[in-house]
Enquirer: 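One structure, as structure tokens, below. Some questions next.
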Amino acid sequence: MSMLNPLVITFVLYILVIFSIGYFAVHRNKTLSDYVLGGRSLSGPVAALGAGASDMSSWLLLALPGAFLLHGINQIWLPIGLSIGAYLNWQFVAKRLRIYTEIAGDSLTVPSYFHNRFQDKSQILKTLTALVVLIFFTFYASASFVSIGLLFHSMFGLEYKNAVLLGGGIILIYTIVGGFLAISWIDFFQGSLVFLALLAVPIVTLYALHGIHPTLDLIQAQGSHFLDAFHNINFIGVVSLLAWGLGYFGQPHILVRFMAARNHKTIPQAQFICMTWMVISLFGAIFTGFFAIAYFAKIPLSNPETAFLYLSKDLFNPWITGILLAAVLSANMSTTSAQLLSSSSAITEDLYHTFLRRNASQKELIFIGRLGVLIVAAIAFSLAMNPDNSILNLVAHAWAGLGASFGPVILISLFWPRMTRNGAFAGMVIGALTVIIWPLIPQINALYELLPGFAFSSLGVFLISLLDKKPSEKIRDQFKHVVKII
Amino acid sequence: MNTGTLLLLFVPMLLLIVLSLINYLFHAFSTDSPTSHSSGGKNS
């Protein structure tokens, strides 16, 4: 492909913008708090789009439209579940977590929050949480590298492994150098790009298909099941798709955006911006896939997940196509960078700083943070070298694993002063084990493992906490202090 | 399933935007009580 190709030029410009934004953040990294939490300085809009963009990977532009193209409107239950989950997370977790993490020992990470919330002298909670973050985020980052490889391969004809290394390399550079502030500002830019792309593609596709009625007729002609929300899906299927929303409470890379907000009063504004961004972007992805049923009626795609890419190429000027494809890359990059930084902060703050070098200087900790990003990325790269993995399946394990291990523990810890360290520990172990074991049991595995994982974990938290002795007065006073501020 | 019923499927998601807006406006226009606290961050 010629270097003067509009796609290539647009991409180079896009990468230059990304690096320029990252450059401004470099000099603001003076402490580990700056590097992993941006010094808790995010404005409402930056926190909002950061949470949205780091949540929605290129799954939003590739796999989700692909699912609608393949199955039709019966996939709607998944976006509905996700939207409700994200809303509840902002409504019930964001503000309390922002306040609590600052009052409880200025916790910089989710594992540190658990440690400080329960004043756990044994370090077991922090260690366990940090290890869970590391394992699951490696899967997560690996899935992101797979999709970035497929994207570059499809767009530029690059060999898959080279594509993974090139795309991943760009993410690595700005994440390692710029830290949390860089990824937050870049997320804002990337989130805006994704939003515009998901508005443009379905609208132009609909225009190309001569409006809504001819489009619906064409979809109907492909099969009436495409317009049936309950086709080939039973009650358990609907509940399973809705249950994806439960995952939000336990995703450290999203929760840190709450923790990094300038103060708790910015949360309602951020919530409104994020929910607007999310719902409209999901609509864009849904309609992209849905209209693609009509658009590709005569020449079906061999891989439905490429619908957005082909529509972008077919319907737009090459310069605009370059921007639209940059949006796909954006969605992927914002999620991957957030995952890499979260796992790196677990290595640095929760393991290295806690066990190896308690008196390490801030400069040393930032260095270790950067090294951590590199190590996790290296493992994720090696896992991603097999392109036959399905994006959604890979992410499903990480989403359910984190959601069931951390979600109930986070949620209950913010609202129930009687919760104990042992209750939290039990909840995490039960949640993680359920997610691992549930899919192996053929009679019941039709139900998405996150739902039983979340339920059993919650039950474990309540039961073990009530059997345990009451938390100390110091812990209860801290809880009262947080409630008073709210 | 007709078009009207199809559109109903999108209502729950739109409702979440409306609820978030109401929540935002409620906070934006409610005045701070004299006893309210900041969460005390260096930038708060």
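Chain naming here is simple, since letters A, B, ... match the order of the sequence lines and numbering starts at 1 in each. From a predicted model like this one, the values you see are computed outputs, not experimental measurements.
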Enquirer: Using non-hydrogen atoms and a 4.5 Å limit, figure out which bit of A:I273 sits close to chain B: side chain, backbone, both or neither.
Expert: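 Neither part.
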Enquirer: Is any side-chain heavy atom of A:V279 closer than 4.5 Å to one of B:F10?
Expert: no
Enquirer: Would you give the length of the straight line joining atom CE of B:M13 to atom CD1 of A:I80, rounded to the nearest 0.5 angstrom?
Expert: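 Here the rounded value is 6.5 Å.
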Enquirer: Report the distance from atom CD of A:Q269 to atom OG of B:S20, rounding to the nearest 0.5 Å.
Expert: 12.5 Å
Enquirer: How about A:F24: does its CZ atom have over 12 heavy atoms from other parts shown lying under 6.0 Å from it?
Expert: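 Not buried by this count: 12 neighbours or fewer within 6.0 Å.
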Enquirer: Pick whichever of B:L21, B:L15, B:I22 has the most heavy-atom pairs under 4.5 Å with chain A.
Expert: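 The option with the most such pairs is B:L21.
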Enquirer: Check each atom of B:F26 against the heavy atoms of chain A and say whether the ones under 4.5 Å are side chain, backbone, both or neither.
Expert: neither
Enquirer: Take A:W90 and B:N23, measure what side-chain contact (heavy atoms from CB on, under 4.5 Å) needs, and give me the verdict at the end.
Expert: CA-CA 11 Å; A:W90 278 103; B:N23 184 45; over 6 Å; no
Enquirer: What is the ring orientation for A:F272 with B:Y24, classed by angle as parallel under 30°, tilted 30 to 60°, or perpendicular over 60°?
Expert: parallel
Enquirer: With a 4.5 angstrom heavy-atom cut-off, is it the side chain or the backbone of B:L25 that approaches chain A, or both, or neither?
Expert: neither
Enquirer: On a heavy-atom basis, which atom in B:I17 and which in A:M275 lie closest, and how many Å separate them?
Expert: CG1-O, 4.0 Å
Enquirer: Going from OG1 on A:T276 to CG on B:L16, what distance comes out if it is rounded to the nearest 0.5 angstrom?
Expert: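 With rounding to 0.5 Å, OG1 (A:T276) is 10.5 Å from CG (B:L16).
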Enquirer: Start with the C-alpha distance between B:H27 and A:K95, add both sets of side-chain angles, then the distance that settles side-chain contact (heavy atoms from CB on, under 4.5 Å), and finish with yes or no.
Expert: CA-CA 12 Å; B:H27 281 89; A:K95 194 186 278 187; 3.2 Å; yes
